[in-house]
Student: 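Mind looking over this structure? Questions follow.
Note that the structure is predicted; figures quoted are calculated from it, not measured. Counting starts at 1 for both ligands and their atoms, in listed order.
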Amino acid sequence: MNLMESWIFFVLLRVVGLDIGTALMFHNMESVTNVMEYEILAKERLPKMIYDYYASGAEDQWTLQENRNAFSKILFRPRILVDVSNIDTTTSVLGYKISMPIMVAPTAMQKMAHPEGECATARATSAAGTIMTLSSWGTSSVEEVASTGPGIRFFQLYVYKDRNVVMQLVKRAERAGFKAIALTVDTPRLGRREADIKNRFVLPPNLSLKNFEGLDLGKIDKTDDSGLASYVAGQVDQSLSWKDVKWLQTITHLPILLKGVLTAEDV
Ligand SMILES: *[C@@H]1O[C@H](CO)[C@@H](O)[C@H](O)[C@H]1NC(C)=O
C-alpha cells in the first residue's frame, strides 16, 4: 500500500464504523500488515486530545460498539466455481460511476492528523475512482479541496442558526463543483463526547474550520468542557425539521441527501 492508498483506506474504515486515528505521515507502510495497526500507531504518535477526538464516540460509546458488532455480522456467501479472473466492482451513485461500492464519508478536522488533511483525502479518493464527501468542519475549504484536481465530491452540511451562513456555504460548494449536498439530520445536539469533555477539546490554534473562516466561525477554542460541544450548542440549529429540507431545495439546484436517517419510518 502506498501512502495515498493507506490514507483512503483509513477514511474508508471510518465509513464502516471503525474509528481509527491516523499518523500515516510518520510511518513506514511496509511494516503494516493489518489496518487495525493504524489505531495503535496513531495512539503512539498523536497528542492525546487529537487521538481521542478521532477514536472516541459519545457517552458510554455504546453506539460505537453496536456499530462494530453490526458490521461484523455482515457476512459474505462466496459462491464456488465462478470465474473470477476478471471482476467488475463498479457501480453508480446519483448517476456518477465509481470504481467500487464504497465512498469516503465526511470526517471533520483532518489536518489535526496530517498537514495536508482533506486535500490529501480528496486526491486519494479521486485516484481510487470514488466519491469523497467533505465535512462542513473540514480544516480545508471547499475551494481548496476543489483545487486539488478533478473528482466527484459531495458536501456535508450542518444547518447553522444563521441561515445566511448556510446560504453562502451552499453557494460556495456549488461554485466549487460539488455535486450534492449531504444534509446532516441526526445532530440537532452533539452526542456527549466524554473524552472531548475530559480533554477540554479545542481545535489547535494553527488550524481553523476553513469553510467558516471568513464568517468569524472558524475557531473552536477555549472552553470549560468540550470546545466542540459549546460550538455546536451555539451555532447548530436544533429546530431543524422537514420544512428546512424544503427551504434548502429552494436555495440549491444540487441533489440533497439526508445523512443520518436512523429508522425505516423516516425513510
Ligand atoms: C499545527 O501545529 C502542530 C504543532 O506545532 C504541527 O505538528 C502541525 O503540523 C501543524 N499543522 C499544520 C496543518 O500546519
Student: Are Arg163 and Asp237 close enough, and set up right, to give a side-chain contact (heavy atoms from CB on, under 4.5 Å), and what steps lead you there?
Tutor: CA-CA 9 Å; Arg163 293 309 157 88; Asp237 191 348; 2.2 Å; yes
Student: With a 4.0 Å cut-off on heavy atoms, is Pro115 in contact with ligand 1?
Tutor: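 Yes; Pro115 lies near enough to ligand 1 that a heavy-atom distance drops under 4.0 Å.
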Student: Report yes or no: do Ser56 and Gln61 form a side-chain donor-acceptor pair below 3.5 Å?
Tutor: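 Judged by distance alone, the side chains do not pair up.
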Student: For ligand 1, which part of Leu207 has a heavy atom less than 4.0 Å away: the side chain, the backbone, both, or neither?
Tutor: side chain
Student: Numbering the atoms of ligand 1 from 1, which are under 4.0 Å from a heavy atom of Asn206?
Tutor: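 Near Asn206, meaning under 4.0 Å from one of its heavy atoms, ligand 1 has 1 (C), 2 (O), 3 (C), 8 (C), 10 (C), 11 (N), 12 (C), 14 (O).
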Student: Do Val185 and Trp242 belong together in a cluster built from hydrophobic side chains that touch within less than 4.5 Å?
Tutor: yes
Student: Examine Lys111 against ligand 1 and note whether any of their N/O atoms are separated by less than 3.5 Å.
Tutor: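 No.
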Student: Do you see a donor-acceptor pair shorter than 3.5 Å between the side chains of Thr139 and Gln110?
Tutor: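 There is no such pair between these side chains.
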